[in-house]
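First the structure, in the form of structure tokens, and then the observations on it.
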Amino acid sequence: MKGFCGVIPAKRRRRRMKRIPVGIIDSVDASHEGIRTVELMNQRCDFSDSSDVCVSIITWNMNGQVRYEDVRKLVGKERKYELVVIGLQEVPRTNILVLLENALLDSHVLLGKAIMQSLQLYVFGLKNSQQYIREVKADKQGVGGCGGLIRRKKGGVAIRINYKGIHMLFISCHLS
């Protein structure tokens with residue numbers, strides 16, 4: 001990510017990344033509406049010759065419903081990603097972290113979490129990834145809720161992480 005925010009000199013050419021075809025596939029066997037899977041045609045994380053980190057980012061408005069089978073399908077079977085970031089909205093009162101940890105047990109561990117009632121954000125890394133972490137910070141900001149009339153808060157949660165010297169910020173929000 002060198003020069004990400006800098007000016008590119010006119011003589012220097014940009015590197016082109018190979019594009020990976022992406023498609024959206026409706027999940028017929030989902031327990032409730034709204035579950036969609038984005039499936040990559042090429043399951044490798046080496047689509048760029050300058051990649052330092054391979055990250056899977058998932059967002060899911062759970063609408064207050066969850067099944068373990070849905071969570072397993074969400075995180076997939078073959079996880080070649082170094083980081084798996086999962087942003088959840090309208091999470092039911094079930095302990096979703098236990099379900100996520102069980103689904104990712106064989107390959108990933110929890111690195112950070114940010115929770116504000118039914119709005120939650122988790123960052124998981126490969127089992128040996130703790131050695132690459134320099135910093136993990138979580139924050140949350142609630143808004144709305146109509147003065148307490150609405151049971152669930154709106155707002156956003158964020159996790160900032162320094163992984164392999166790369167500063168990343170992940171935000172999950174749910175607004176009215």
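Here the structure is a predicted model, which is why all the values come from computation and not from measurement. Side-chain atoms are counted along with the backbone in the values below, which use heavy atoms only and exclude waters and symmetry mates.
Note that the CZ atom of R134 and the NE2 atom of H167 stand 10.5 Å from one another [nearest 0.5 Å]. With rounding to the nearest 0.5 Å, the separation of CG in L83 from OG in S56 is 10.0 Å. Interatomic distance, CE of M62 versus CD of Q120, reported as 8.5 Å (0.5 Å rounding).
Nearest heavy-atom pair across V157 and L121 is CG2-CB, 3.6 Å. The nearest pair of heavy atoms linking P92 to V66 is CG-CG1, 3.6 Å. Heavy atoms only, all atoms of each residue included: A103 and V75 are closest at CB-CG2, 3.9 Å.
V123 and I166 fall within the same hydrophobic cluster, where Ile, Leu, Val, Met, Phe, Trp and Tyr residues are linked whenever their side-chain heavy atoms come under 4.5 Å apart, directly or through other members. V98 and L110 fall into different hydrophobic clusters, where Ile, Leu, Val, Met, Phe, Trp and Tyr side chains are chained together by heavy-atom contacts under 4.5 Å.
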task = Tell me, with the steps shown, if K73 and D70 meet side chain to side chain contact (heavy atoms under 4.5 Å, CB included).
result = CA-CA 5 Å; K73 186 171 187 173; D70 294 338; 5.7 Å; no

query = Would Q141 and M116 count as a side chain to side chain contact (heavy atoms under 4.5 Å, CB included) if you check the C-alpha gap in whole Å, the side-chain angles of each, and the deciding distance to 0.1 Å?
reply = CA-CA 8 Å; Q141 180 64 50; M116 184 176 67; over 6 Å; no

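Q130 and Y132 share no side-chain donor-acceptor pair at under 3.5 Å. S172 and Q89 share a donor-acceptor pair across their side chains, judged by distance under 3.5 Å alone. For the residue pair E135/Y163, the side-chain donor-acceptor check at 3.5 Å is not satisfied.
Listed for the N63 side chain is no donor-acceptor partner under 3.5 Å among the backbone atoms of Q65.
With a 4.5 Å cut-off on side-chain heavy atoms, E101 and H108 do not count as touching. A heavy-atom distance below 4.5 Å is not found between the side chains of V85 and I58.
Considering I159, V84, I115 as possible partners of Y122, the one that fulfils the side chain to side chain contact (heavy atoms under 4.5 Å, CB included) test is I115.
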